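Report on the following structure.
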There are 2 protein chains.
Amino acid sequence: MPWDLNSGNPVFVQIIEHLQDDIVLGIYKPGDKLPSVRDLATDAGVNPNTMQRALSTLESTGLVHSERTSGRFITEDNEMIIELKKSLVKVQVEQFINGMEKYGFTGNEILELVKQYVKK
Amino acid sequence: MPWDLNSGNPVFVQIIEHLQDDIVLGIYKPGDKLPSVRDLATDAGVNPNTMQRALSTLESTGLVHSERTSGRFITEDNEMIIELKKSLVKVQVEQFINGMEKYGFTGNEILELVKQYVKK
DNA sequence: ATTATTGTATTAAGTGATTAGTACAGTAAT
DNA sequence: ATTACTGTACTAATCACTTAATACAATAAT
């Protein structure tokens with residue numbers, strides 16, 4: 001049985017995740033105009049091509065859209081953003097629990113662990 | 001401020017993680033002989049060179065060691081394995097909680113979320 | 001009108017990871 | 001002794017990602 005070897009994280013993917021987080025966290029709000037590709041690239045410390053790739057890929061999800069020459073904007077669909085957050089949280093929690101169960105921890109043991117680490 | 005863009009996961013790194021998990025889970029026990037580089041490569045579905053790279057890298061941690069021509073073996077130091085497991089668990093829990101807190105969840109909310117997902 | 005800014009497109013080069021193929025020397029099994 | 005297996009070494013080719021540099025057309029700002 002082949003192992004699972006599909007967690008490569010290229011920079012442009014990490015950029016997408018970063019932008020998704022910013023949107024979900026409300027740093028960018030529905031309808032907001034994003035900084036230009038070039039400015040974002042400078043902020044992130046990456047090549048404009050890489051930022052362009054991240055943005056145009058992110059675009060295919062509908063979360064952002066570009067107005068050819070006036071800029072790029074966050075979706076006005078607040079429900080989409082809320083759903084994205086739910087989805088991101090769900091994935092993160094499930095991955096965590098799966099990982100812990102793989103190590104042999106029971107549900108209660110996982111809860112105890114989280115309790116311990118939360119109190120710091 | 002530059003973004004944090006350092007989570008690339010090449011295959012040989014994922015192999016290391018996979019092997020660490022197998023050791024921590026007791027699939028390989030202290031002193032056990034590992035399958036040959038070529039067999040492991042076939043198992044994993046990767047090139048022998050890639051497996052060799054993963055193994056020789058893992059070697060530098062002391063978790064495994066090679067006897068030139070007779071094979072490669074898991075450390076007999078059981079304490080090292082226990083410590084590795086603790087460390088892996090700690091990293092996973094902390095990363096999870098940090099991620100959740102970034103999304104604005106409080107300690108109690110995180111616990112509630114875990115509780116929900118654990119019961120499935 | 002002129003200028004700056006926008007997203008987008010294109011070509012080229014460089015880098016790291018991976019695969020492929022081959023080879024060598026030492027040990028184990030027979 | 002012979003054979004098979006072991007880790008290891010080496011070169012070459014390929015691929016995806018990234019960077020670099022440049023260019024174009026449409027809009028915004030002046």
Side-chain angles (χ1 to χ4, degrees), chain A residues 1-20 22-23 28-76, chain B residues 1-20 22-23 28 31-76:
Chain A
M1 182 185 55
W3 298 352
D4 180 20
L5 302 176
N6 302 309
S7 76
N9 279 53
V11 172
F12 80 91
V13 173
Q14 299 177 51
I15 291 173
I16 291 176
E17 291 168 353
H18 185 102
L19 290 171
Q20 281 183 331
D22 280 357
I23 295 170
Y28 297 123
K29 302 195 188 309
D32 270 4
K33 181 177 179 178
L34 279 169
S36 75
V37 176
R38 294 164 181 84
D39 285 348
L40 282 173
T42 302
D43 270 7
V46 301
N47 191 278
N49 294 326
T50 307
M51 182 58 66
Q52 167 68 17
R53 181 174 180 184
L55 289 168
S56 64
T57 303
L58 185 55
E59 199 141 319
S60 66
T61 68
L63 200 60
V64 301
H65 56 95
S66 72
E67 301 302 326
R68 197 62 177 79
T69 59
S70 65
R72 195 178 247 108
F73 301 86
I74 309 293
T75 179
E76 287 88 1
Chain B
M1 184 183 55
W3 298 353
D4 180 22
L5 302 176
N6 302 309
S7 77
N9 279 53
V11 172
F12 81 93
V13 172
Q14 298 176 53
I15 291 173
I16 292 176
E17 292 168 352
H18 185 102
L19 290 171
Q20 281 182 332
D22 280 358
I23 295 170
Y28 297 124
D32 270 5
K33 181 177 178 178
L34 278 169
S36 75
V37 175
R38 292 165 180 83
D39 285 350
L40 282 173
T42 302
D43 271 7
V46 301
N47 189 277
N49 295 327
T50 307
M51 183 57 68
Q52 167 69 16
R53 182 174 181 184
L55 289 169
S56 63
T57 303
L58 186 55
E59 199 140 321
S60 67
T61 68
L63 201 60
V64 302
H65 58 93
S66 74
E67 301 302 324
R68 198 61 175 81
T69 59
S70 65
R72 196 178 247 109
F73 302 86
I74 308 294
T75 181
E76 288 88 1

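Here is how names work: the chains are called A, B, and so on, in the same order as the sequence lines, proteins then strands, and each is numbered from 1. Because the structure is a prediction, the values reported are computed rather than measured.
- For the pair A:V37/A:R72, a side-chain contact is recorded, criterion being any heavy-atom separation below 4.5 Å from C-beta on.
- Using a 4.5 Å heavy-atom cutoff, the side chains of B:R53 and B:T57 are in contact.
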Going 5' to 3' through nucleotides 11-22 of chain C and flagging B where a protein heavy-atom sits under 4.0 Å of the base, S where only the sugar-phosphate is that close, and - otherwise, we get ------SSBBB-
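- With rounding to the nearest 0.5 angstrom, the CG atom of B:L58 is 11.0 Å from the CD1 atom of B:I15.
- B:E59 and B:S66 make their closest contact through OE2-OG, 3.2 Å (heavy atoms, listed as atom of the first residue, atom of the second, distance).
- Atom-to-atom, NZ of B:K33 to P of C:dT27 comes out at 13 Å; the value is rounded to the nearest Å.
- With rounding to the nearest 0.5 angstrom, the NE2 atom of A:H65 is 8.0 Å from the CD1 atom of A:I74.
- Atom CD of B:Q52 and atom CG of B:N47 lie 11.0 Å apart (nearest 0.5 Å).
- Partner of A:T75 under the side-chain contact (heavy atoms from CB on, under 4.5 Å) criterion, chosen from A:T61, A:I23, A:L63: A:L63.
- A 4.5 Å side-chain heavy-atom check between A:V64 and A:L19 finds every atom pair outside the cut-off.
- Once you apply a 4.0 Å limit to the heavy atoms of chain A, the touched nucleotides of DNA chain D run 5' to 3' over D:dC17 to D:dT27.
- With rounding to the nearest 0.5 angstrom, the CG atom of A:L40 is 6.0 Å from the CG atom of A:L34.
- For DNA chain C, the neighbouring residues in residues 61-76 of chain A, judged by any heavy atom under 4.0 Å, are A:S66, A:R68, A:T69, A:G71, A:R72.
- No donor-acceptor pair under 3.5 Å is formed between the side chain of B:E67 and the backbone N or O of B:F73.
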